[in-house]
Structures are given as structure tokens and as C-alpha cells.
Enquirer: 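Got a structure for you, written out below as C-alpha cells; questions coming shortly.
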Amino acid sequence: YGKELGLVMRAKPGHEFRMAELMKGVTEHLVQQGVTVDRRKQRAIRVGIADLLKVLEANGTLRVKRAKKRGSYSLYRLK
């Protein structure tokens with residue numbers, strides 16, 4: 001899902017994304033390509049995006065603002 005994630009994040013430079021925004025953008029790209037997205041596929045997409053975000057953060061490409069408390073959300077932004 002790296003290609004789709006890159007397209008979503010590069011479309012709005014400097015924007016801080018929530019995971020839900022990233023999920024929606026990646027899912028929309030996949031549906032446009034004719035991929036059927038059911039609950040199982042959504043879970044796989046979420047796990048895949050989370051793994052990619054960890055790698056991008058580790059190599060210094062991504063800045064993450066961690067959730068401060070339970071029930072809030074982290075924000076992700078390309079550097």
C-alpha cells in the first residue's frame with residue numbers, strides 16, 4: 001500500500017493526517033483500481049499502513065505526533 005499511501009500524503013504537503021484519513025484515501029485509490037474492500041481487507045490495509053508509517057518514521061521521512069491520552073489520535077506528516 002506504499003504507492004497509495006504516498007499519493008494520499010503527497011497530495012496535501014504539510015498536512016497532518018489521522019489514520020482514518022489515510023485509510024479512507026488508500027481505500028478510495030484501491031476501489032478506483034477495481035479492488036473489492038471488505039472488512040478483512042480493511043484490517044489488512046490498516047496493518048499495512050501502520051507498518052509503513054513505522055518504517056517512514058524510523059528512516060526520518062515522517063513526523064508523528066503521538067496521541068496524548070486514550071481515545072485521542074496520533075497525527076502523521078511527511079517531513
Enquirer: Between Glu4 and Gln33, is any pair of side-chain heavy atoms under 4.5 Å apart?
Expert: yes
Enquirer: Output all residues satisfying ring-ring contact (aromatic ring centres under 6.0 Å, His included) with His29, sequence neighbours left out; order by chain, then residue number.
Expert: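 Testing His29 for ring-ring contact (aromatic ring centres under 6.0 Å, His included), a comparison that skips the adjacent residues, returns none.
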Enquirer: Are side-chain heavy atoms of Leu75 and Phe17 found at a separation under 4.5 Å?
Expert: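 When only atoms from C-beta onward are counted, Phe17 and Leu75 do not touch, as no gap falls below 4.5 Å.
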Enquirer: Do side-chain atoms of Glu21 reach the backbone of Arg18 as a donor and acceptor pair under 3.5 angstrom?
Expert: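 Looks like yes, one N/O pair under 3.5 Å.
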Enquirer: Name each donor-acceptor pair under 3.5 Å that joins a side chain in residues 40-55 to protein atoms two or more places apart or in another chain, with its distance.
Expert:
none

Enquirer: Might you work through the side-chain contact (heavy atoms from CB on, under 4.5 Å) test for Tyr1 and Leu30, ending with a clear yes or no?
Expert: CA-CA 9 Å; Tyr1 309 109; Leu30 292 172; 3.8 Å; yes
Enquirer: Same cluster or not: are Val31 and Leu22 linked, directly or through other Ile, Leu, Val, Met, Phe, Trp or Tyr residues, by side-chain heavy atoms under 4.5 angstrom apart?
Expert: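 Same hydrophobic cluster.
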Enquirer: For residues 60-74, run the donor-acceptor check on the side chains, cut-off 3.5 Å, and write out each pair with its distance to 0.1 Å, sequence neighbours left out.
Expert:
from  : atom 1 : to    : atom 2 : distance (Å)
Thr61 : OG1    : Asn59 : OD1    : 2.5
Lys65 : NZ     : Glu16 : OE2    : 3.0
Arg66 : NH2    : Glu57 : OE1    : 2.7
Arg66 : NH2    : Glu57 : OE2    : 3.0
Ser72 : OG     : Lys69 : N      : 3.4
Ser72 : OG     : Lys69 : O      : 2.6
Ser74 : OG     : Ala67 : N      : 3.1

